[in-house]
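First the proteins, then the strands, lettered A, B, ... as listed; each starts at 1. Remember, predicted model here, so these are calculated numbers, not experimental data.
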Amino acid sequence: MSADQVAAVLARLPELVNRREPLVRRGRFFSGEFLVEADGVPVHVKVHEGRIETVEKGPFRMRAWRFAIRAEADAWLRFWEPVPAPGYHDVIAMGRLGVARLEGDLQPLMANLRYIKEVLASPRGTVGAR
Amino acid sequence: MAIQFEPIVGRYATLTMFDRPCRVYIEEAGQGIPLLCLHTAGADGRQYRHLMTDPAITEHFRVIAFDLPWHGKSTPPVGFHDEDYQLTTTRYTDAVLTVADALELDRPALIGCSMGGRIVLHLAAHHAERFRALIGVECADHQTSWYDTTWLNRPDVHGGEICAAMVSGLVAPQSPDEYRWETLWGYMQSGPGVFKGDLYFYREDSDFRDRTALIDTAKCPLYLLTGEYDYSCTPEDTERTAAAIPGADAVIMKEQGHFPMSENPAKFREYILPVLDAIRGAG
């Protein structure tokens, strides 16, 4: 699994998230920008009131973001398996396992943790076999 | 048709805990060998409701769960509004023994999960004569800190939401949604700072690596059960703990997380019934 493949999965976040009304409603107090990184390649996600507005693959010049979730590309694929293995089933678990890092200004992440977790997990089971 | 009550009955009593009177909620079901149940951090005794409604258990065990002060239906003591709640090994141990004494339990069996599993080791080391068997669920002698607990209680992050979101991944992917969300609801309901105050015990005041050597399982059998998806108390943590205690029986539970008795009660039965049978067999 390459960073390009992770970026291709993340590019589907608008269709995966925006059609899930309960998830959009959960994120209605969150507007902001964050990075999801795989093998050092950043993907910039912009959210407005719970709806995913844009997803762009980097690299970027002077792009603003509040927090970043960084992992190896392989870890993201494991995370998106239909029934992930222990440790790869949750972004906080991946942090505990040492395969993901949460960085930057964590306040908006923590204030919207359930929403962000569910956004990141939304491709689960829809990603082809490695 | 007559109302179908569950067999669980709850009552309140004022007991001395945390060095002052505390109004404590205690519920129970069944008859036979007392089985005292300790809830996880930031939660309450409702986590044991499935044990209390399982005739295979309640025919032989008097299953008793109490809510620690500040938790569930136990009120915080007078003056709580000017304090930061903080659980310690001493306070936790006193609370458990106070309930056992108040109910005049004769060498009860005890099951504790997570922080309740941690205190099991202290009870095994220092109060083994008080118990006929100890069951540590998601139990280990120590845990390295894996997140900053100050996030759990600050005004710019909703306490109920963050407590549940922080532990949601501790529920195994295979656990039924109904029980996953009921388990998380308990975390959503926790009072401000209570989960964080429990974690003071769990993270700061309970490095028990120095006392596993004191545990004599011939005096009081010790059973350890840990879910494979638990990344708080990992299977490796439990196996390391069991390896340091001769005679400790450790089982890693498939498709279970950190809250087996409440997140997947049907699956937990497969693991807890043999333990309870062994306790009955020992008399």
Handout entry: cation_pi(Arg203(B), Tyr147(B)) dist<6.0 Å, angle<=45
Key =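 Satisfied, under 6.0 Å and within 45°.
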
Practice task
Quick one: closest heavy-atom pair of Val9(A) and Pro123(A), and the distance?
Solution key: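 In terms of heavy atoms, the two residues are closest at CG1-CB, 3.5 Å.
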
Practice task
Heavy-atom pairs under 4.5 Å with chain A are the metric here; pick the option from Gly257(B), Ser232(B), Ala164(B), Gly227(B) that has the most.
Solution key: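 Highest number of heavy-atom pairs under 4.5 Å: Ser232(B).
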
Handout entry: Partner chain A: residue of Met166(B), His158(B), Glu161(B) with the largest heavy-atom pair count (under 4.5 Å)
Key =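 Among Met166(B), His158(B), Glu161(B), the one with the most close pairs to chain A is Met166(B).
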
Say whether [X] and [Y], considering side chains only, have a donor N or O and an acceptor N or O under 3.5 Å apart.
{"X": "Thr238(B)", "Y": "Thr226(B)", "answer": "yes"}
{"X": "Ser206(B)", "Y": "Arg118(B)", "answer": "yes"}
{"X": "Arg96(A)", "Y": "Thr144(B)", "answer": "yes"}

Problem - Region of Ile116(A) that comes under 4.5 Å of a non-hydrogen atom in chain B - result: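 Answer is neither: Ile116(A) stays 4.5 Å or more from chain B.
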
Problem - Proximal component of Arg124(A), with respect to chain B [non-hydrogen, under 4.5 Å] - result: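 When you check distances to chain B, no heavy atom of Arg124(A) falls under 4.5 Å.
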
Practice task
Find the one option among Lys117(A), Arg114(A), Gln107(A) whose heavy-atom pairs under 4.5 Å with chain B are most numerous.
Solution key: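 Winner by heavy-atom pair count: Gln107(A).
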
Handout entry: Residue Glu228(B) versus chain A: region with a heavy atom under 4.5 Å
Key =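 It is both, since atoms from each part get that close.
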
